[in-house]
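Every heavy atom of this structure was used, including side-chain atoms; hydrogens, water molecules and symmetry mates were not.
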Amino acid sequence: MSTCTVFTLPLIIAFFMGFGQLAVMQSASGSRIVMLDVGQGDSMLVQSGEANILLDTGEDGDVLLRELAEQGVTHLDAIVITHKDADHAGALRQLAGVIDIAHVYVHADLLDKDFMAAVLESARWVTSDRGAEGVRPGSVLQAGDFSLTVLAPQDGGKSENDDSLICLIKYDANVDGRIEARGVLTGDAEKDAMRDVVPQVGDIDFLKVAHHGSKGGLSEEQLSTLSPEVALIGVGADNKYGHPTKETLQMLEEHGARIYRTDKQGAISIAFSADGMRVTTEK
């Protein structure tokens with residue numbers, strides 16, 4: 001395993017190749033996020049100490065269960081479903097009876113929508129019939145040293161991608177109010193949905209790139225404001241959508257983001273400490 005410091009800003013980022021068992025060992029006491037390799041879909045694991053939160057599930061339950069097993073996960077304090085699309089929520093039901101799940105969260109406005117029926121039924125299955133619970137902008141989930149704040153949308157039910165929950169994740173190493181790292185997790189929310197969010201957030205350290213790197217995910221102006229050092233793209237190899245697009249990749253590169261994508265590098269882990277972030281990849 002080789003290590004190289006790529007750059008030093010207020011943040012030190014070291015990049016490793018091939019984490020394997022090391023990643024499982026870190027999860028017991030460290031703080032990290034892992035973009036799981038679920039093919040053409042999204043699933044992000046947030047871990048700190050004994051706390052585990054999963055954002056989205058991808059579509060294939062067998063793949064998701066394998067990925068969670070590789071990370072040593074048997075319990076989830078919460079699953080956050082950003083929106084109803086199968087590549088974000090399709091594998092939820094298959095976690096029933098395998099992973100212990102305390103809560104499932106969706107946008108509060110979607111709890112009574114007919115188009116959410118499959119997701120809501122899956123939530124009942126995995127929570128022993130307790131079902132999904134609602135969150136809105138301002139809702140905060142805590143996972144050890146991480147806080148996850150819902151930023152948008154204000155109203156759910158407008159359109160599938162614009163329904164995506166957009167979350168700000170903050171890492172506070174010593175739980176002293178001093179934030180060492182910040183990132184935005186976007187689901188499939190594209191640039192129109194991000195218009196009001198970006199000015200609130202400002203400069204960040206890492207970004208879950210919207211809609212698998214689609215062309216309409218971010219504008220030049222928005223990316224200039226966010227200025228992430230690390231960009232994460234959940235995407236399947238040779239997918240029929242052409243994700244991520246050349247335009248998006250070029251824009252990220254021009255703004256100085258270091259790009260990581262699951263189709264090329266498998267699962268991607270960012271470990272956090274008071275000294276900065278360390279990115280490791282499965283391949």
Side-chain angles (χ1 to χ4, degrees), residues 16 18-82 87-92 94-95 98-105 126 141-150 164-165 167-171 181-187 205-209 212 230-236 260-263 265-273 277-283:
F16 293 71
F19 53 84
Q21 183 64 28
L22 176 60
V24 175
M25 293 170 64
Q26 289 173 339
S27 69
S29 59
S31 296
R32 64 185 188 131
I33 64 172
V34 184
M35 174 168 271
L36 303 176
D37 182 10
V38 293
Q40 182 63 19
D42 271 357
S43 188
M44 182 82 74
L45 179 65
V46 178
Q47 293 186 305
S48 183
E50 300 300 319
N52 298 299
I53 294 177
L54 188 70
L55 284 91
D56 289 334
T57 67
E59 186 168 5
D60 189 320
D62 291 337
V63 171
L64 177 61
L65 286 169
R66 181 198 68 206
E67 289 288 303
L68 291 174
E70 288 179 356
Q71 307 306 324
V73 174
T74 59
H75 169 82
L76 291 168
D77 298 281
I79 296 179
V80 178
I81 299 295
T82 62
D87 60 336
H88 291 255
L92 176 60
Q94 288 177 260
L95 300 181
V98 183
I99 303 293
D100 177 48
I101 298 166
H103 302 278
V104 175
Y105 295 105
V126 302
L141 302 180
Q142 195 73 34
D145 295 337
F146 291 113
S147 64
L148 190 72
T149 303
V150 179
S164 292
L165 293 172
C167 299
L168 174 67
I169 184 168
K170 296 185 288 187
Y171 171 70
R182 304 164 75 249
V184 172
L185 310 179
T186 59
D205 303 300
F206 59 96
L207 173 70
K208 203 294 290 186
V209 177
H212 320 290
V230 171
L232 306 173
I233 303 176
V235 65
Y260 292 87
R261 40 193 288 191
T262 55
D263 61 333
Q265 292 151 310
I268 301 154
S269 175
I270 306 179
F272 296 81
S273 70
M277 304 191 309
R278 184 179 64 193
V279 180
T280 61
T281 63
E282 184 177 23
K283 300 178 183 176

Does L92 form a side-chain contact (heavy atoms from CB on, under 4.5 Å) with V126? I'd like the steps, not just the answer.
CA-CA 8 Å; L92 176 60; V126 302; 4.0 Å; yes
Checking ring pair (Phe, Tyr, Trp, His ring centres under 6.0 Å) for the pair F206/Y260: CA distance, chi angles, key distance, verdict?
CA-CA 11 Å; F206 59 96; Y260 292 87; over 10 Å; no
Audit row: I101, I79, side-chain contact (heavy atoms from CB on, under 4.5 Å) steps and yes/no
CA-CA 8 Å; I101 298 166; I79 296 179; 3.6 Å; yes
Kindly determine whether I99 and L65 satisfy side-chain contact (heavy atoms from CB on, under 4.5 Å), including the steps that lead there.
CA-CA 8 Å; I99 303 293; L65 286 169; 4.0 Å; yes
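No hydrogens or angles considered: nothing links the side chains of Q40 and D87 as a donor-acceptor pair under 3.5 Å. Side-chain contact of R32 with Q71: a donor-acceptor pair under 3.5 Å is present, judged by distance alone.
The nearest pair of heavy atoms linking I81 to H88 is CD1-O, 4.1 Å. In plain terms, the two heavy atoms of G144 and A51 that are nearest each other are N-CB, 4.0 Å. When all heavy atoms of A102 and D77 are compared, the pair lying nearest together is CB-O, 3.3 Å. Heavy-atom minimum distance, T57 versus V38: O-CG1, 4.4 Å. For G58 against S43, the heavy-atom pair with the smallest separation is N-CB, 4.1 Å.
Remark: of the listed residues V73, D145, L54, V73 is the sole one forming a side-chain contact (heavy atoms from CB on, under 4.5 Å) with Q47. Of the options T82, D56, D42, a side chain to side chain donor-acceptor pair (under 3.5 Å) to K208 is made by D42 and by none of the others. Considering L207, I270, D205 as possible partners of V230, the one that fulfils the side-chain contact (heavy atoms from CB on, under 4.5 Å) test is I270.
To the nearest 0.5 Å, atom CG of residue L168 and atom OG of residue S147 are 7.0 Å apart. Atoms CG and CG, on D100 and L76 in that order, are 8.5 Å from each other to the nearest 0.5 Å. To the nearest 0.5 angstrom, S269 atom OG is 11.0 Å from M277 atom CE. In this structure, CG on D62 lies 12.0 Å from CD on E67, to the nearest 0.5 angstrom.
Using cut-offs of 30° and 60° for the angle between ring planes, the F146 and Y171 rings count as tilted.
For the pair N52 and L68, the minimum side-chain heavy-atom distance is 4.5 Å or more. Using a 4.5 Å heavy-atom threshold, the side chains of M44 and I33 count as touching. A 4.5 Å side-chain heavy-atom check between V150 and Y105 finds every atom pair outside the cut-off.
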